[in-house]
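Beneath this line is the structure, given in C-alpha cells, with notes to follow.
Order of the sequence lines sets the chain letters (A, B, ...), proteins ahead of strands, with each chain counted from 1.
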Amino acid sequence: RKEVEQDPGPFNVPEGATVAFNCTYSNSASQSFFWYRQDCRKEPKLLMSVYSSGNEDGRFTAQLNRASQYISLLIRDSKLSDSATYLCVVNFNNDMRFGAGTRLTVKP
Amino acid sequence: DTGVSQNPRHKITKRGQNVTFRCDPISEHNRLYWYRQTLGQGPEFLTYFQNEAQLEKSRLLSDRFSAERPKGSFSTLEIQRTEQGDSAMYLCASSLSPDRAYFGPGTRLTVT
C-alpha cells in the first residue's frame, strides 16, 4: 500500500462547478498535512495546510479526519485558473511524503 | 530573487556518466529536501538535511546516489554511473519549519 493515496483523476469540470479531492495516508502517527498545487512543468507550491478542525481559504476548504486517516480538498466555484495537479502531502518527523496527485481541468 | 535555485535546469548525459546537481535554498532555511519526480507521479522523497546533517535517506536511494550539504547552506546531489531509469525531474525544497516547504524549479535529467 502506498503511504499517500489520492483519487486517480483526471477531473474535468465546467467553470463554476464544485469539485472535491480525497486522499488517504497509511501512517497513523503523521503529524501535519498539506495540499500543494503543481502547474504543468512547474514546481509544487503550497496551497494550504490542513488542520483537524478543518480550514477554509476563499473558495478552498480542507478537512482532516485522523480516525479515518483521510484528507479532503473542496474547491467551490472553480475557475479556469484552478486547472493544475493537486498533491496531497503528509509529514512525519520532517519526512514529507507526496501523493501521486490529482489532475484537474476546468473548462469554459 | 530569494527563492530556491537549482542548477543546472536541464542535463542530458550518457548512460554510465556521473552527474552532479546543485541546490541553493532560501537563506536561513535550515531544512533541505531532495525529491525525484517522474511524469504522472508525485515527488518521491530522496533525502533530508537539517543544517549540514543528513537525517534521513530513502531506501529508494541506491549507493549510486549521494547528497551533501557541507556548510549547511547549498546542497549537491550526485548520481554515479547513471542509468536510463534515473531520468526524471530532481526537485529541491527548503523550509524553516515543517509547515511549509518551498521548492526550486528542478533539474530535469535525461539519460540517453
Side-chain angles (χ1 to χ4, degrees), chain A residues 1-11 21-27 29-52 55 57 62 64 71 73 84-105, chain B residues 1 3-7 9-10 21 23-26 29-51 53-61 67 69 88-110:
Chain A
R1 182 185 173 190
K2 289 185 178 179
E3 291 169 314
V4 182
E5 296 202 61
Q6 294 187 236
D7 279 351
F11 286 70
F21 305 140
N22 302 319
C23 171
T24 57
Y25 59 96
S26 60
N27 185 350
S30 296
Q31 296 156 323
S32 51
F33 310 88
F34 310 91
W35 283 100
Y36 274 70
R37 170 190 169 133
Q38 187 171 25
D39 293 299
C40 188
R41 298 186 175 278
K42 298 285 189 182
E43 70 273 21
K45 293 185 179 178
L46 179 67
L47 178 66
M48 58 197 302
S49 301
V50 187
Y51 303 118
S52 296
N55 49 301
D57 182 2
L64 166 64
I71 305 161
L73 176 68
T85 296
Y86 291 83
L87 298 160
C88 174
V89 183
V90 175
N91 188 5
F92 173 71
N93 282 349
N94 299 306
D95 184 349
M96 293 174 57
R97 299 300 172 113
F98 285 73
T102 300
R103 182 168 179 81
L104 171 67
T105 301
Chain B
D1 187 350
V4 179
S5 62
Q6 292 186 245
N7 289 288
R9 296 291 305 276
H10 303 275
F21 310 141
C23 171
D24 286 90
I26 295 171
H29 278 192
N30 58 347
R31 293 173 165 84
L32 187 146
Y33 305 83
W34 283 100
Y35 289 85
R36 176 174 67 189
Q37 187 173 27
T38 54
L39 195 63
Q41 298 299 314
E44 228 176 356
F45 172 78
L46 293 178
T47 191
Y48 160 68
F49 289 86
Q50 185 156 336
N51 300 310
Q54 187 174 19
L55 296 185
E56 189 163 351
K57 189 174 172 180
S58 169
R59 283 170 291 187
L60 297 171
L61 221 60
R69 194 181 183 197
M89 175 73 83
Y90 289 83
L91 292 163
C92 173
S94 72
S95 71
L96 198 53
S97 74
D99 285 347
R100 179 171 189 156
Y102 295 80
F103 280 83
T107 295
R108 184 171 295 282
L109 172 66
T110 302

Practice task
Over 60° means perpendicular and under 30° means parallel, so classify the ring planes of A:Phe21 and A:Phe11, tilted if in between.
Solution key: perpendicular
Problem - Residue A:Phe33 versus chain B: region with a heavy atom under 4.5 Å - result: neither
Problem - A:Gln6 side chain to A:Cys88 backbone, donor-acceptor under 3.5 Å - result: yes
Problem - Sole candidate of A:Leu73, A:Val89, A:Ile71 that passes side-chain contact (heavy atoms from CB on, under 4.5 Å) when paired with A:Cys23 - result: A:Ile71
Fill in the blank from the handout: The interface call for B:Gln50 against chain A, heavy-atom contacts under 4.5 Å, is side chain
Fill in the blank from the handout: Ranked by heavy-atom pairs below 4.5 Å to chain B, first place among A:Ala100, A:Gly101, A:Ser32 goes to A:Ala100
Practice task
Output, in order, the C-alpha distance, side-chain angles, deciding distance and verdict of side-chain contact (heavy atoms from CB on, under 4.5 Å) for A:Met96 and B:Tyr35.
Solution key: CA-CA 10 Å; A:Met96 293 174 57; B:Tyr35 289 85; 3.0 Å; yes
Completion exercise
So, the part of B:Ala93 with a heavy atom under 4.5 Å from chain A: the answer is neither
Practice task
Examine distances only and state if a side-chain atom of A:Gln38 and a backbone atom of A:Thr85 form a donor-acceptor pair shorter than 3.5 Å.
Solution key: no
Handout entry: Interface moiety of B:Arg31 toward chain A, non-hydrogen atoms closer than 4.5 Å
Key = side chain
Practice task
Quick one: do B:Phe103 and A:Phe98 satisfy ring-ring contact (aromatic ring centres under 6.0 Å, His included)? Show the steps, please.
Solution key: CA-CA 13 Å; B:Phe103 280 83; A:Phe98 285 73; 5.7 Å; yes
Handout entry: Pick from A:Val4, A:Leu46, A:Leu87 with the largest number of heavy-atom pairs that fall under 4.5 Å of chain B
Key = A:Leu46
Completion exercise
From the list A:Arg103, A:Arg41, A:Gln31, A:Arg97, the residue making the most non-hydrogen contacts under 4.5 Å with chain B is A:Arg97
Practice task
Would you mind checking which part of B:Gln41 comes under 4.5 Å of any heavy atom in chain A, side chain (CB onward), backbone (N, CA, C, O), both or neither?
Solution key: both
